[in-house]
Amino acid sequence: MKLVLLGPPGAGKGTLAALLHKSLKVLHISTGDILREEIKNNTPIGIEAKSYIDKGALVPDELVIKLIENRLTSNKEFSNGYLLDGFPRTRKQAENLDEILKKIGQPFDCAVYMDSSLPLIIKRLSGRRVCRNCGATYHITNRPSKKDGICDQCSGELYQRPDDNEETIRNRMDVYLQSTRPIVDYYKAQGKLMQVDGNKESEELHDLLLKTFDAERKSYKY
Ligand code: AMP
């Protein structure tokens with residue numbers, strides 16, 4: 001299965017992607033995770049990206065397109081497909097992605113669009129905690145870890161992403177509406193869009209998607 005996950009910050013793309021990665025055994029590519037790794041390693045890309053991410057702005061197209069192109073062209077683990085999470089985020093990225101996927105002969109099957117309401121987004125993101133070590137995500141009330149501040153999976157330290165404060169969340173939402181939301185219509189026009197309710201819990205969406213993919217197995221190659 002080859003999928004693109006679209007939706008506002010806090011729609012639950014990362015959590016759904018982790019579930020789909022496990023069940024479909026597809027390659028999970030998250031530009032947010034790649035950029036945070038670059039920041040952690042203090043690379044020139046990371047240093048440049050940090051100034052944008054901390055403000056809730058988008059990292060320049062040229063930089064993220066290059067990162068994605070490198071990942072997609074250097075990776076040969078496409079036997080079960082892939083899952084793009086957080087990319088594309090602009091029309092230019094979407095157009096470049098079409099070209100890259102055409103070049104490597106791996107066009108995606110479907111763009112899953114998770115829509116979500118602003119109050120829920122703020123609640124989800126401001127209470128989100130992430131493991132510094134393995135990247136697993138929790139929520140202080142909806143999905144708390146067993147031990148306060150400690151990851152259930154690897155005992156790593158949980159932290160709050162610096163861009164998960166209310167002011168930055170509102171900036172990210174404005175940027176989303178202006179730059180990313182138009183991609184929904186771009187994919188709708190291509191007949192590749194599947195809209196799901198991002199207000200639902202990720203587990204429920206995951207089960208629903210698997211059932212839908214199964215019913216449409218004949219038209220999707222996986
Ligand atoms: P995420 O983890 O997907 O919420 O991404 C965190 C931040 O990384 C975003 O708010 C952007 O600043 C940056 N980022 C991630 N993916 C992209 C992208 N495709 N284009 C531009 N910036 C991105």
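Keep in mind that this is a model prediction, so the values were computed, not measured. Note that ligands are numbered from 1 as they come in the structure, with each ligand's atoms numbered from 1 the same way.
Distances shorter than 4.0 angstrom occur between a heavy atom of Ala57 and an atom of ligand 1. Contact annotation: Arg36 has at least one heavy atom less than 4.0 Å from an atom of ligand 1. Judged by the shortest distance from any of its heavy atoms, Arg161 lies inside the 4.0 Å radius around the atoms of ligand 1.
Compare Lys50, Lys13, Arg89, Arg172 by their heavy atoms: the one nearest to atom 3 (O) of ligand 1 is in Arg89. If you check each of Ile169, Val59, Ile68 against atom 21 (C) of ligand 1, the one with the closest non-hydrogen atom is Val59. Atom 14 (N) of ligand 1 has its nearest heavy-atom neighbour, among Ile65, Leu35, Ile34, in Leu35.
In summary, the atoms of ligand 1 found under 4.0 Å from a heavy atom of Thr31, numbered by their order in the structure, are 15 (C), 16 (N), 17 (C), 19 (N). Of all atoms in ligand 1, numbered sequentially from 1 with element shown, those under 4.0 Å from a heavy atom of Gln93 are 18 (C), 19 (N), 20 (N), 21 (C). The distance from ligand 1 to the heavy atoms of Val64 drops below 4.0 Å at these ligand atoms: 18 (C), 20 (N).
Cys151 places a side-chain heavy atom less than 4.5 Å from the side chain of Leu158.
Screening Leu20, Leu5, Leu193, Leu6 for a side chain to side chain contact (heavy atoms under 4.5 Å, CB included) involving Val112 leaves a single residue, Leu5. Of the residues listed (Arg172, Arg129, Lys123, Arg124), the one engaging Asp164 in a salt bridge (Lys or Arg N to Asp or Glu O under 4.0 Å) is Arg172, and it is the only one.
Annotation: cation-pi pair Lys55/Tyr52 present, NZ/CZ under 6.0 Å from the ring centroid and within 45° of its normal. Figure legend: cation-pi geometry between Arg132 and Tyr159, with NZ or CZ positioned under 6.0 Å from the six-membered ring centre and within 45° of its axis.
Considering backbone and side-chain N/O atoms, Phe87 never comes within less than 3.5 Å of an N/O atom of ligand 1.
The two residues Asp85 and His28 come nearest to each other via the heavy atoms OD2-NE2, 2.9 Å.
Each of Leu125 and Val175 belongs to its own hydrophobic cluster when Ile, Leu, Val, Met, Phe, Trp and Tyr are linked at side-chain heavy-atom distances under 4.5 angstrom.
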